[in-house]
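Worksheet for the structure shown next.
Nothing fancy with the numbering, it's 1 onward along the sequence. Excluded from the calculations below are hydrogen atoms, water molecules and symmetry mates; all remaining heavy atoms, backbone and side chain alike, are included.
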Amino acid sequence: MEGKFMNLLKAKGIEPGELGLQKKWLDDQYAVLSCGDETEYYEAEGLLDLVEGILRILSSEDKNIRNIYPPKTERHTAYCSECGSLLRWKWDPQLGGMDAYCPGCGKVTSFCDDPMSGDALPPGDGILDSTLQAAGVNLTPEKFTAYMDWLNDQHAYLSPSGSDAVTEVEGLITLMEALQPALEKESGRCYYLPVTYEVTEYCSECESEITMRWNVREDGMKAYCPVCGKRLMLCSMCAIRTTTCDYDNDTDTCFFNRN
């Protein structure tokens, strides 16, 4: 039976195997960026933590997923379920797999203390309040925005070159877009607004099409029509409009317009 996190990702067409490829790309980016003077490695590291956390969540919902992209380690520590010995030995799960023979008793032992072992995580009531945090991920709106900006910059840089890495970047952007509505619904906070230079919106009061210089991230999602002076909600720029729009006809309010 698939868990709710798996269903959330599959609704966006995201397969668990894709996360392994995205993790590998982030591993490579972090290795390069952390050797230089740039601060971009913070975004790569944060996204790497996020993807690893999601893999931990998915493996808690389906233990078969732990074999998608096992972690690369040089030394491993585990308890043998047969003889109870604390074992320490050099082992690379990417090469040797997730099971090995216990040096103490010769029985097969699993890497049950490994980050992707499928150990149960607290179920919680939602993604933000417990599931992600239980997986060791603290995804604040500020971090979410920094990660999305970095991914969009990477996409703009890589797209003209036709690099294969564009697929991984696009996959990570899709992953973030899948998480955003759920995070915003649970927290009541906005997690991401794009930087815009010009916005075109239709005024439902005077039926005018308005084009104006407007930065959604700085100026917000609400303006006033220069023709009739009525409130103008920038619905075309709303990232959650197509999936979780909560506009209320009775109160004339929504997520971005509480008053």
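For the residue pair A223 and M212, the shortest heavy atom distance occurs at CB-CE, 3.6 Å. Shortest non-hydrogen contact noted between L139 and L50 is CD2-CD1, 4.2 Å. Shown here for V51 and L19, the closest heavy-atom pair between the two residues is CG1-O, 3.7 Å. When every heavy atom of L33 is checked against every heavy atom of A44, the shortest pair comes out as CD1-CB, 4.2 Å. Closest non-hydrogen pair, Y191 versus Q180, comes out as CB-CG, 4.3 Å. Here the closest non-hydrogen pair linking A178 and I14 is CB-CD1, 4.2 Å.
Listed by chain and number, the residues in a salt bridge (charged side-chain N to carboxylate O under 4.0 Å, His left out) with D219 amount to none (sequence neighbours excluded). Remark: D28 pairs with K24 by the side chain to side chain contact (heavy atoms under 4.5 Å, CB included) rule, at least two apart or across chains. With sequence neighbours left out, the salt bridge (charged side-chain N to carboxylate O under 4.0 Å, His left out) criterion links D153 to no other residue. Not counting sequence neighbours, T167 has no partner by the side chain to side chain contact (heavy atoms under 4.5 Å, CB included) test. Residues passing the salt bridge (charged side-chain N to carboxylate O under 4.0 Å, His left out) test with E142 are R189, sequence neighbours excluded. For Y147, there are no ring pair (Phe, Tyr, Trp, His ring centres under 6.0 Å) partners, not counting sequence neighbours. A search for side chain to side chain donor-acceptor pair (under 3.5 Å) contacts involving T174 returns nothing, not counting sequence neighbours. Residues forming a side chain to side chain donor-acceptor pair (under 3.5 Å) with Q29 (at least two apart in sequence, or on another chain): none.
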Taking only distance into account, with no hydrogens and no angle test, what donor-acceptor pairs under 3.5 Å do side-chain atoms of residues 156-164 form with protein atoms, sequence neighbours excluded?
| residue | atom | partner | partner atom | Å |
| --- | --- | --- | --- | --- |
| S159 | OG | H155 | O | 2.6 |
| S159 | OG | H155 | ND1 | 3.3 |
| S161 | OG | L158 | O | 2.6 |
| S161 | OG | S163 | N | 3.4 |
| S163 | OG | A165 | N | 3.1 |

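Here the straight-line distance linking atom CE of M221 with atom CD of E201 works out to 8.0 Å at 0.5 Å rounding. For the atom pair OH of Y42 and OH of Y30, the computed distance is 9.0 Å after rounding to the nearest 0.5 Å. Note: E15 CD to L9 CG = 9.5 Å, rounded to the nearest 0.5 Å.
Atom CD of E198 has more than 12 heavy atoms from other residues, nucleotides or ligands within 6.0 Å.
Within the structure, no pair that satisfies the ring-ring contact (aromatic ring centres under 6.0 Å, His included) test touches residues 195-233, not counting sequence neighbours.
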(Q) Checking C225 against I210 for the side chain to side chain contact (heavy atoms under 4.5 Å, CB included) test, could you report, in this order, the C-alpha distance in whole Å, the side-chain angles of both residues, the deciding distance, and whether it holds? (A) CA-CA 7 Å; C225 176; I210 308 300; 4.1 Å; yes
Practice task
Apply side chain to side chain contact (heavy atoms under 4.5 Å, CB included) to E184 and F144, showing your working.
Solution key: CA-CA 11 Å; E184 291 181 334; F144 192 99; over 6 Å; no
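Checked by atom type and distance alone, the side chain of K143 pairs as donor or acceptor with a backbone atom of N138 at under 3.5 Å.
Tested against L47, the residues K23, M176, E52 include a single side chain to side chain contact (heavy atoms under 4.5 Å, CB included) partner, M176.
If you chain together hydrophobic residues whose side chains sit under 4.5 Å apart, L234 and V227 fall into the same group.
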